[in-house]
Amino acid sequence: MYTGFLHLHNTLRWLILLIALVSLLKYFMGWFSQKKWGKSDNILGIIFTAAMDLQLLTGLVLYFFLSPITSAAFQNFGAAMKNADLRFYAVEHFLMMLIAVVLVHIGRSKSKKASHSRKKFGFSLVFFGIAYIIMLAAIPWSRVIA
């Protein structure tokens with residue numbers, strides 16, 4: 001079960017990074033060219049937010065129930081904080097990704113409530129952009145490349 005969830009989590013990562021990049025490009029072009037916020041812009045935000053939520057759910061299942069890495073960290077949290085790999089998964093990855101999900105939800109909410117298209121694009125661009133940077137920083141690249 002662990003392997004299946006880990007593969008799902010890893011596959012969703014690439015899908016989310018792609019959706020985020022497409023969203024950011026579309027929102028940047030919309031903001032820069034002062035286009036009107038359309039249905040496709042709204043749907044893209046919904047898809048990105050839903051994908052992030054699904055990724056959070058799979059991550060939480062791994063974190064609390066299935067991962068031998070976090071299980072080892074929870075057995076002796078003090079010792080885990082002295083080990084860079086355990087600390088990364090037990091604290092850094094978890095918190096940074098959680099912050100990214102919160103930022104995506106804030107951006108989505110603010111874009112829905114904004115009265116003008118330029119503000120909708122702006123809110124989405126800023127919050128999704130910061131979330132994207134945080135996600136890139138929190139990805140365990142050493143495991144991805146190896």
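All values derive from a computational prediction rather than experimental measurement.
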Step-by-step side chain to side chain contact (heavy atoms under 4.5 Å, CB included) determination, Leu15 to Thr11 = CA-CA 7 Å; Leu15 181 63; Thr11 303; 5.9 Å; no

Passes side chain to side chain contact (heavy atoms under 4.5 Å, CB included), Val104 versus Phe128? Steps please.
-> CA-CA 5 Å; Val104 167; Phe128 290 6; 3.9 Å; yes

Do the side chain of [X] and the main chain of [Y] share a donor and acceptor less than 3.5 angstrom apart?
{"X": "Arg118", "Y": "Trp31", "value": "yes"}
{"X": "Ser109", "Y": "His105", "value": "no"}
{"X": "Ser124", "Y": "Phe121", "value": "no"}

How long is the span from the [atom1] atom in [X] to the [atom2] atom in [Y], to the nearest 0.5 Å?
{"X": "Gln55", "Y": "Leu57", "atom1": "CD", "atom2": "CG", "value": "10.0 Å"}
{"X": "Thr58", "Y": "Leu54", "atom1": "OG1", "atom2": "CG", "value": "6.0 Å"}
{"X": "Ile139", "Y": "Met96", "atom1": "CD1", "atom2": "CE", "value": "9.5 Å"}
{"X": "Arg13", "Y": "Met97", "atom1": "CZ", "atom2": "CE", "value": "8.0 Å"}
{"X": "Leu125", "Y": "Lys119", "atom1": "CG", "atom2": "NZ", "value": "15.5 Å"}
{"X": "His9", "Y": "Leu60", "atom1": "NE2", "atom2": "CG", "value": "9.0 Å"}

Please lay out, stage by stage, how Leu17 and Leu136 fare under the test side chain to side chain contact (heavy atoms under 4.5 Å, CB included).
-> CA-CA 8 Å; Leu17 288 175; Leu136 289 174; 3.9 Å; yes

Across all chains, not counting sequence neighbours, the side chain to side chain contact (heavy atoms under 4.5 Å, CB included) partners of Phe88 are Glu92, His93, Pro140

Who are the side chain to side chain contact (heavy atoms under 4.5 Å, CB included) partners of Ile99, not counting sequence neighbours?
-> Leu103, Ile134

Name the orientation class of the two ring planes belonging to Phe127 and Phe123 (parallel below 30°, tilted from 30 to 60°, perpendicular beyond 60°).
-> tilted

Verify the ring-centre separation between Tyr63 and Phe74: is it less than 6.0 angstrom?
-> yes

So, do Trp37 and Tyr27 have ring centers that fall under 6.0 Å from each other?
-> yes

Closest approach of Ala90 and Ala73, non-hydrogen atoms and distance?
-> CB-CB, 3.7 Å

Looking at Asp41 and Lys120, does any basic side-chain N land under 4.0 Å from a carboxylate oxygen?
-> no

Would the number of heavy atoms belonging to other residues, nucleotides or ligands and lying under 6.0 Å from CZ of Phe65 be above 12?
-> no

When you look at OH of Tyr2, are more than 12 heavy atoms from neighbouring residues, nucleotides or ligands closer to it than 6.0 Å?
-> yes

Side chain to side chain donor-acceptor pair (under 3.5 Å) involving Asn76 - partner list, sequence neighbours excluded = none

